[in-house]
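No experiment lies behind these values; they were computed from the predicted model shown.
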Amino acid sequence: MAHTLVLSTVLRRHLLLLLLLFLTHRNILTRAADGRWDLLLSNIGISAMHMQLLHTDRVVMFDRTDFGPSNISLPDGKCRRDPNDTVLPVDCTAHSVEYDVASNSIRPLMVLTDVWCSSGAVMPDGTLVQTGGFNDGDHAIRIYEPCRNSTCDWREISRGLTQRRWYATNHILPDGRQIVVGGRRQFNYEFYPKTSSADGSYNLPFLVQTNDPRIENNLYPFVFLNGDGNLFIFANNRAILFNYLNGSVVRTYPTMPGGDPRSYPSTGSAVLLPLKNNAETEVLVCGGAPKGAYVRANNGDFVGALNTCGRIRINDLNPQWVMETMPMGRVMSDMLLLPNGEVLIINGAGSGTAGWELGRSPVLAPVIYRPDNPIGSRFEVQNPSSTPRMYHSTAVLLRDGRVLVGGSNPHTYYNFTGVLFPTDLTLQAFSPRYLDPKLSYLRPKIISPVSQSEIRYGQQLPIRFTIPPGRLNSTSVMVTMVAPSFNTHSFSMNQRLLVLSHGDVTAVGKSTYQVRVGTPGSGNLAPAGYYLVFVVHQDIPSEGIWVQIR
């Protein structure tokens, strides 16, 4: 009996210890899981395959015209008549919409030719210029000039491109033009607008070198403007620094360790990390699918996604990839720069690749990456959504700091039943931890300049803001400037965030303060156009204001 009593005491101690360990672990997970999900609209009529925030605080979205009828009609009895359309030569439904953030409402827009898997960027005057697509839209340029009276719509230049552009990437250049890089079976680049009738396309052998036969793995290349005016171009598993003015390769970077592809259809994602005064310029590439995963997925074998990220200082004398491990594998995720300089990794799948029906195991929990933390403490898992965001999902940053999330159409048509992952027409917002009402006592509010102000390169710009009384920590204030990006297929084109240099924070009134910041010195750092400016205090950003730098 004594033996039994001793044994039961030992068991109780072990059980108590296990319970304490479980509760401790549970508390850690509870503290680490931040962020809130909100359903904004249950049906926007289309699948948000492409997204762009405009300086009117409206978001233009579109999917493709050869899906069949969408769930939203064109206004005033309009119909799109296209004899080349492979599904509906006469279509009275919309395949593009404009979302008004303030009113949480949708307005149908009319695209004329197929915009499927296209690309785009916002011009310096705020006009969205979108290029390419499929079928009779592959040479098209579409122009959307923002308005506030709900009368604006797409207009089209049917043969505006020299080459067909499908799965290409666009970036705004310091001279105000867009460069359009690559696309399916296009190993070249071109510009918009053209400087002359002789301005055509230009060969880019790097895209030949990174092309995997019958798979490609170099589509939607990751393109970033470097501070020296050259372009960092990543495709498949390697990168170059490219002088687009004379067509020369300035530098060739090492292959990412492991050699696995990261570009479509293996589809990782990438960001240019926040640009800081006199700091190294760094690129972060995360996730994707292992070599051979696309072929295996087509044969019904869905390989686990890559859980690694590569980070590289692109202007080092001897640049090398530094590898990190994410909390989970991820393919088809989106990476967004948040106003406080953190990176949000959101959407995607745990296995398979991009393509029709080729993704499995939705990854529902976003991850925050903090680039300034030591390696090993940079990733933090956030609260999960209940909505899978698979192939053809999107995400963009809004002026109030929320992230707009939509899309997911892993099928050839609008399939709402009888499939593993139905077509999704919902629109959600993810609110990072910094929007928690409990932190409102730390949140700044910008007083001046007012939104829509014009600024110049290389000026000292006074910014006034308020902080609740007695809450200011002047050493934790920074000002960031964020370019709104064109998001599709897990890449946010033209995305960049600058941390502006500043002087001391001074009091100018009751709970009112001023900080003088230096605006970017040139178009190499920040191409002309509209940006969102935020004041960040103890990692809590204000609502942004729009500025236009000229």
Side-chain angles (χ1 to χ4, degrees), residues 117 166-169 181-187 204-224 232-240 249 252-271 283-312 314 319-335 345 347-363 367 379 390-393 410 488-491:
C117 298
W166 192 28
Y167 300 89
T169 296
V181 181
R184 292 204 78 173
R185 294 178 286 278
Q186 294 298 334
F187 311 114
L204 184 54
F206 173 70
L207 294 177
V208 177
Q209 298 157 11
T210 52
N211 180 53
D212 289 341
R214 298 183 299 281
I215 302 172
E216 296 174 288
N217 275 332
N218 67 348
L219 302 178
Y220 281 124
F222 306 141
V223 179
F224 301 108
F232 177 90
I233 303 176
F234 181 102
N236 200 318
N237 55 17
R238 70 200 95 145
I240 57 172
V249 175
T252 299
Y253 296 95
T255 299
M256 188 179 288
D260 288 309
R262 308 281 178 156
S263 306
Y264 185 95
S266 291
T267 307
S269 191
V271 291
V283 169
L284 179 71
V285 179
C286 289
K291 192 178 298 182
Y294 180 75
V295 173
R296 292 174 66 174
N298 273 281
N299 292 323
D301 179 13
F302 303 98
V303 180
L306 298 170
N307 67 350
T308 53
C309 298
R311 181 166 163 173
I312 191 168
I314 67 175
Q320 299 294 322
W321 292 99
V322 176
M323 303 305 292
E324 301 181 59
T325 303
M326 294 189 290
M328 72 285 283
R330 212 161 193 143
V331 62
M332 298 184 290
S333 61
D334 293 283
M335 293 173 66
I345 307 172
N347 300 336
S351 59
T353 71
W356 302 128
E357 310 282 355
L358 298 182
R360 295 291 186 275
S361 310
V363 182
V367 170
F379 294 97
M390 304 293 281
Y391 187 42
H392 290 151
S393 299
T488 191
H489 289 77
S490 302
F491 183 54

For this session: Check Ala297 against Phe302 and note the closest heavy-atom contact, atom names and distance.
Result: O-CE2, 3.8 Å
Exercise. Does the side-chain hydrogen bond (donor to acceptor under 3.5 Å, both in side chains) test come out yes or no for Thr308 and Arg262, once each step is laid out?
Worked result: CA-CA 10 Å; Thr308 53; Arg262 308 281 178 156; 2.9 Å; yes
Exercise. Is Arg296 reaching over with its side chain to a backbone N or O of Lys291, donor-acceptor style, under 3.5 angstrom?
Worked result: no
For this session: Verify side-chain contact (heavy atoms from CB on, under 4.5 Å) between Met326 and Val367, making sure each step is shown before the conclusion.
Result: CA-CA 9 Å; Met326 294 189 290; Val367 170; over 6 Å; no
Exercise. Do other residues, nucleotides or ligands put more than 12 heavy atoms under 6.0 Å from Phe222 CZ?
Worked result: yes
Exercise. Can you list the steps and then say if His392 with Trp356 is a side-chain contact (heavy atoms from CB on, under 4.5 Å)?
Worked result: CA-CA 10 Å; His392 290 151; Trp356 302 128; 3.6 Å; yes
Seminar exercise, completed: dist Asn347:CG -> Met335:CE (nearest 0.5 Å) comes out at 13.0 Å
Seminar exercise, completed: Distance col, row Arg311:CZ vs Met323:CE, nearest 0.5 angstrom, shows 13.0 Å
Problem set entry | Residue pair Arg360 / Ala349: nearest heavy atoms and the distance that separates them | O-CB, 3.2 Å
Exercise. Run the side-chain contact (heavy atoms from CB on, under 4.5 Å) check on Val181 and Leu207 step by step: do they pass?
Worked result: CA-CA 9 Å; Val181 181; Leu207 294 177; 4.2 Å; yes
Exercise. If only atom types and distance count, is the side chain of Ser490 paired as donor or acceptor with the main-chain N or O of Ser333 below 3.5 Å?
Worked result: yes
Problem set entry | Value rounded to 0.5 Å, distance of OH in Tyr167 from CG in Asn218 | 13.0 Å
Problem set entry | Among Thr210, Asn217, Asp212, the one residue meeting side chain to side chain donor-acceptor pair (under 3.5 Å) with Asn236 | Asp212
Exercise. Would you say Phe379 and Met328 make side-chain contact, with heavy atoms under 4.5 Å?
Worked result: no
Exercise. If only atom types and distance count, is the side chain of Asn237 paired as donor or acceptor with the main-chain N or O of Asp260 below 3.5 Å?
Worked result: no
For this session: List the atom of Leu284, the atom of Cys309, and the distance in Å for their closest heavy-atom pair.
Result: CD1-CB, 3.9 Å
For this session: Can you measure from CH2 (Trp166) to CZ (Arg185) and round to the nearest 0.5 angstrom?
Result: 7.0 Å
Exercise. If every non-hydrogen atom of Val331 is compared with every non-hydrogen atom of Gly352, which pair is closest and at what distance?
Worked result: CG1-O, 3.7 Å
For this session: Drop me the distance from Gln186's CD to Asn211's CG, to the nearest 0.5 angstrom.
Result: 11.5 Å
Exercise. How close do Phe206 and Arg238 get, heavy atom to heavy atom, and via which atoms?
Worked result: CZ-O, 3.5 Å
For this session: Please name the pair of heavy atoms, one in His489 and one in Thr267, separated by the smallest distance, quoted to 0.1 Å.
Result: O-CG2, 4.1 Å
For this session: Have a look at Phe491 and tell me which of Tyr220, Phe234, Phe224 forms a ring pair (Phe, Tyr, Trp, His ring centres under 6.0 Å) with it.
Result: Phe224
Exercise. Can you tell me how far OH of Tyr264 sits from CD1 of Ile215, rounded to the nearest 0.5 angstrom?
Worked result: 12.5 Å
For this session: State whether the side chain of Tyr391 and the backbone N or O of Leu358 hold a donor-acceptor pair below 3.5 Å, judged by distance alone.
Result: no
